[in-house]
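Have a look at this one.
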Amino acid sequence: MHFVDIILPIPIENLFTYSITQAESTFLKKGMRVSVPFGKSKIYTGIVGYIHNTPPVVYEAKEIHQILDEAPIVNEKQIELWQWISKYYMCTIGEVMRAALPNAFILESETIVSLNKTTVINDADLKDDEFLVYEALSQQSALKIQEVSSILNKKNVLPIIKRLIEKEAVTVEQEVYEKYKPKYVRYVKLHASYTSESALTELLETLSRAPKQREVVFTLFTLSAKSKKPIKVSDLVEASGGSSAIIKTLIDKAILEEYHIKTDRVEYDGEEQEASKALNDYQEIALQQITESFKTQKTVLLHGVTSSGKTEVYVKLIEEVLKENKQVLYLLPEIALTTQLVSRLQDYFGEQVAVFHSKYSPHERVEVWNNVLNDSPKARIVLGARSSIFLPFNDLGLIIVDEEHEQSFKQFDPAPRYHARDTAIVLAHIHQGKTLLGSATPSLESYYNAKENKYGLVEINRRYNNVQMPEIELVDIKEKHKKKRMKGHFSDRMIEEIQAALDEGHQVILFQNRRGYSPIVECNTCGHSPQCTNCDVSLTYHQYRNQLRCHYCGYTMAMQVKCLACGVKDLNSKGFGTEQIEAELKTLFPKYNTGRMDLDTTRGKYGYEKIITALEQQEIDILVGTQMLTKGLDFRNVSLVGIMNADNMINFPDFRAHERSFQLMLQVAGRAGRTKKRGKVLIQTYDPYHKIVQQVSTNDYKAMFEEQLQERYNFKYPPFYRLIKITLRHRDYERVDMASEWFAKSLRQVFKANILGPEFPPVSRIRNQYNKNILIKIPQQQSLSKTKEAIHKINTSFNAVKNFRPVRVIINVDNY
Ligand code: ADP
Ligand code: ZN
């Protein structure tokens, strides 16, 4: 008798055992996909775990349906990582599998199949049964796998669907994926009516009283005479000494015409590869120290100030690893994965760079997967966000975790709730490779580990080219308010500095930690503010659509004229967001172009890329944005960064709020003056003596570190204590309340102290579900695995209580 244990992509605790034939047992290998029946009528795609001869004890093993692969698509090292994640982050290996595999690999009875509209399929290329499905899908927009089954009158249709996916005839995703964002570049030409010489002469004549406009037109004419190539708006601005405002006027007058050309920046254009840059002394020393440190340490932290040239150091390390014929993983927070960086790496490494991104289509993801699996020359270096740790690497020599302090490396929902940085370190161990963590503002945990000699530590304290760190000025807005030196949310200093930067032809970035217009609307008469119907939060006012919107669930209603409670027409807005800052800017600096970067403006297709491009092309003079601005962007012409209000970040009720505010402010500040000229940063605050603001203004990471570390010690937080957060969730308030009391009591019986809660979070109801949290603090001397075992046991008894079973228990290890 032969059996196989299968990993199924569902949250069940054990692997399921199926029976296989002698022939199958010799063919099957760990990591291949098979389709198997499960429950009464379901079919799942599973991964072969172990092949053995022991029948299951409590149930009769069913036969597998079909073998889907000829060779493993998942390797042993991956399964080892899955097991670690499942154990460490307290979830099932099936949940890890689901997160790890591209969706196109996991077919199951609930999978929805639809036509791939991007390809044209020749009927002749399809087998009969494939054609039937294809035809059915031209009638119906989507089919469930079970429906496909009944169309074909066949039980197991997964192999057919798999073939259709391979032929790119169908897709199995409901979400609409964007192809990786192309770059839009703005070009201008003379309007058709001025192309004749006489018309042009006449035009220049009429413009003689607008010398700046005349200069632009004349420059455009000379530029186009010199070369037949299209002329970029940015080039024209530079050559004519004009501004984008002047160009806009000329476009409005129909003298110039603008057009866009889409240049796909990710597709490697096959141009000559460049040699990497020679490092300066500081970078060279850092490189040597890293290499030296790797001899004894598996993980090294590179703490290099913003714009110190960390990327160029990474490049040198990558070159070394490639020489040994090993693979490299370069991890970045999703949002920092910009085309700026992609093209920079492609310049050096050409088509060896593969990019793995959530905005990739399922097909592109499978392609990257296969390239990595087959050790293809097209995926020697994978540049990717969080989930790229799941790719099928064979021989990873190095993992770089850039911006390692970023909280977005931690997955919140769904399980596995893994931290990609910490998982990367484990992944590197499995490959006997190294991990380099990089940041200008390391997380307290990593810096502490480095100080404790768990990691190597290398620092670069100078910016490349010896550009000075930006000069940081604190503006006391309490004082400014008293002295009536505020216009809206802008202090006189902020206005002066913005004007000065603009006068010199530089760009300005303004950071405001909130989106929307003025987050909360309040009635001046009765104090009521409109609430979300699904969540316990006030709605936020968005001027652009004249709407009130919930930032938790997306609920919207039209902006009210009168108070919903008392009916009086006296609504007032409190607080301020990016939209309001932008509106104020438009009245303060009407002649300049403003732009906004937040969740609302970057939602659309290519939204984020468009704004970055516009800033690069200097079409935006002043950009207002949320923390999206902080992520590793490299703009050359930005000389001033303004932080509109430091206080609302610092006062956030979270034990990491101080650390995070420090990181955020220093990172945004780092966008100023990256080349040549020293940049300037203005921070508006009600409390200029706050220690965090002070530490930011003196760029004193070490002071921040020491002080925060002491607080973490005093209040029992990481890195001294580990945290596990347990959230109980249900529609019914009473039930959540009772269930969490029970849970906390059981935990206290085992752990005595160090259990906090249960407590309702500040926003306890989200999408009509109540949440209540319990926090477990685990001291260093307490065994982590025993702690998890105890939690697991309590959870099992919890689920045995009928009344509690419908309550969802969410376990978040190393809660961030
Ligand atoms: P960081 O990642 O530390 O913020 P970057 O690697 O982006 O810094 O470098 C900042 C700027 O300095 C970039 O524009 C980069 O091209 C330039 N730069 C860094 N190192 C070198 C070098 N060795 N030679 C030439 N230019 C460099
Ligand atoms: Zn809501």
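Just follow the structure's listing: the first ligand is 1, and inside any ligand the first atom is 1.
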Between Glu619 and Lys248, does any NZ, NE, NH1 or NH2 come within less than 4.0 Å of an OD or OE carboxylate oxygen?
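Not counted as a salt bridge, because no side-chain N and carboxylate O are separated by less than 4.0 Å.
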
Would you mind telling me which of Gln507, Glu504, His506 makes a side chain to side chain donor-acceptor pair (under 3.5 Å) with Ser639?
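With Ser639 as partner, side chain to side chain donor-acceptor pair (under 3.5 Å) holds for just one option, His506.
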
If you measure from the Lys or Arg side-chain nitrogens to the Asp or Glu carboxylate oxygens, is any gap between Glu706 and Lys702 under 4.0 Å?
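No, this pair does not count.
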
Which ligand 1 atoms are under 4.0 Å away from a heavy-atom of Thr311?
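What qualifies from ligand 1 is 2 (O), 5 (P), 6 (O), 7 (O).
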
I want to confirm something. Looking only at heavy atoms, which of Glu312, Arg344, Gln283 is nearest to atom 5 (P) of ligand 1?
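The residue whose heavy atom sits nearest atom 5 (P) of ligand 1 is Arg344.
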
Between ligand 1 and Lys277, is the shortest N or O to N or O distance under 3.5 Å?
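By distance alone, the answer is no.
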
Is the ring centre of Tyr447 less than 6.0 Å from the ring centre of Tyr701?
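Yes, they do, as the ring centres are separated by less than 6.0 Å.
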
Provide the number and element of each atom of ligand 1 under 4.0 Å from a heavy atom of Lys310.
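Result: 1 (P), 2 (O), 3 (O), 4 (O), 6 (O), 8 (O).
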
Among Ser308, Ser276, Gly304, Ala278, which one has a heavy atom closest to atom 23 (N) of ligand 1?
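The nearest heavy atom belongs to Ala278.
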
Hey, which atoms in ligand 1 end up nearer than 4.0 Å to a heavy atom of Ser307?
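Selected atoms, number and element: 1 (P), 3 (O), 4 (O), 8 (O), 10 (C).
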
Numbered atoms and elements of ligand 1 in range of Leu279, under 4.0 angstrom, heavy atoms
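Near Leu279, the atoms of ligand 1 are 23 (N).
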
Checking Arg386 now: which residues fulfil salt bridge (Lys or Arg N to Asp or Glu O under 4.0 Å) with it, not counting sequence neighbours?
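Listed in chain order: nothing, the list is empty.
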
Is any side-chain N of the basic residue among Lys410 and Asp422 closer than 4.0 Å to the acidic one's carboxylate O?
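Salt bridge absent between Lys410 and Asp422.
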
